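Order of the sequence lines fixes the chain letters, A, B, ..., with proteins taken first and strands second; residue numbering starts at 1 for each chain. Because the structure is predicted, anything quoted here is derived from the model rather than measured.
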Amino acid sequence: MKPLPRVFYGRDALVVAPDLLGRTLVHETAEGTVAGRIVEVEAYCGPIDPASHAYRGPTRRNAVMFGPAGHLYVYFTYGMHWCANVVAHRDGDASAVLLRAAVPLEGLDVMRRRRVRARRDRDLCSGPAKLTQALGITRPYDGVDLVRGPVRLYDDGTPPPHTPGISTRVGLRVGLGDELLWRYFVPDEVCVSGPARRRTIAEAGATDAATVARS
DNA sequence: GGTGTGATCGTA
DNA sequence: ACGATCACACCA
């Protein structure tokens, strides 16, 4: 297996996001190797996206998003959770893709140890903060290189779904976030977080994947 | 299946 | 103050 090359990330976040579905996220540590298949993501398009941490310009927290593509942007939220993004953009426009869910592939014993609350294996990585907890991704991993660093993204031959599920993004209040269908997921996948697991673009009533609002 | 709520703290 | 969340309690 080869890591995804740098050029993979040097595209618009709305192109990279659905192309991340089916890829494997691997973290090798002394504790052991843990890996999962990405099945749910959300695009955050920095300069045009009020919901993006990068919308109001660079700060200490979001600095990584303003750097080169193919690095990991990790942030702390709700006073207790970590979330991980893939920096993906052209022309340094500070866009990123939030990794929201994965299917556990390797190191299940380590994941269960880190997530004792998870009753079923399908809940080990079925949410953005669950995923980082299971994979052991916290503060020190902010800014690591996904091509050469301790956390890498691979193409193991599993193609992204021909027709990904699509919906509005989760957990946002700000205006645009409720109208843009920038969440992508593998249809009928039990490890996808939340209730819209089975919904596809057609079922959502959308005619334009990127921009159309719906009731 | 669905909704409502407390936990907990860095960031702006 | 508030959040790109989680887990659990409760109702259906």
Show me the dot-bracket string of DNA chain B, counting Watson-Crick or G-U pairs under 3.5 Å, with | for pairs to another strand and [ ] for crossing ones.
|||||||.|||.
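Summarising the local packing, CZ of A:Arg6 is surrounded by more than 12 heavy atoms from other residues, nucleotides or ligands at distances under 6.0 Å.
The nearest pair of heavy atoms linking A:Arg100 to A:Leu131 is C-CD1, 4.2 Å.
Judged by centroid separation below 5.5 Å and plane tilt below 30°, A:Phe76 does not stack onto the base of B:dG10.
Transitive grouping of hydrophobic side chains (ILVMFWY, heavy atoms separated by less than 4.5 Å) keeps A:Val39 and A:Val170 in distinct clusters. Cluster membership for A:Leu153 and A:Met111, using ILVMFWY side-chain heavy atoms within less than 4.5 angstrom, is shared.
Side-chain atoms of A:Arg114 and A:Val34, non-hydrogen and from C-beta on, do get closer than 4.5 Å to each other.
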With B for base contact, S for sugar-phosphate-only contact and - for none (protein heavy atoms under 4.0 Å), nucleotides 5-12 of chain C reads BSSS----
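A cation-pi arrangement is absent between A:Arg61 and A:Tyr73 under the rule of less than 6.0 angstrom and at most 45 degrees off the ring axis.
Taking every heavy atom of residues 52-69 of chain A and every atom of DNA chain B, pairs under 4.0 Å involve A:Thr59, A:Arg61, by number.
For the residue pair A:Gln133 and A:Arg115, a side-chain donor N or O sits within less than 3.5 Å of a side-chain acceptor on the partner. With 3.5 Å as the limit, one finds no donor-acceptor pair spanning the side chains of A:Thr168 and A:Arg183. Side-chain contact of A:Tyr9 with A:His89: a donor-acceptor pair under 3.5 Å is absent, judged by distance alone.
Using bins of under 30°, 30° to 60° and over 60° for the plane-to-plane angle, the ring pair A:Trp82/A:Phe76 lands in the tilted bin.
The CH2-P distance, from A:Trp82 to B:dC9, rounds to 12 Å in whole Å.
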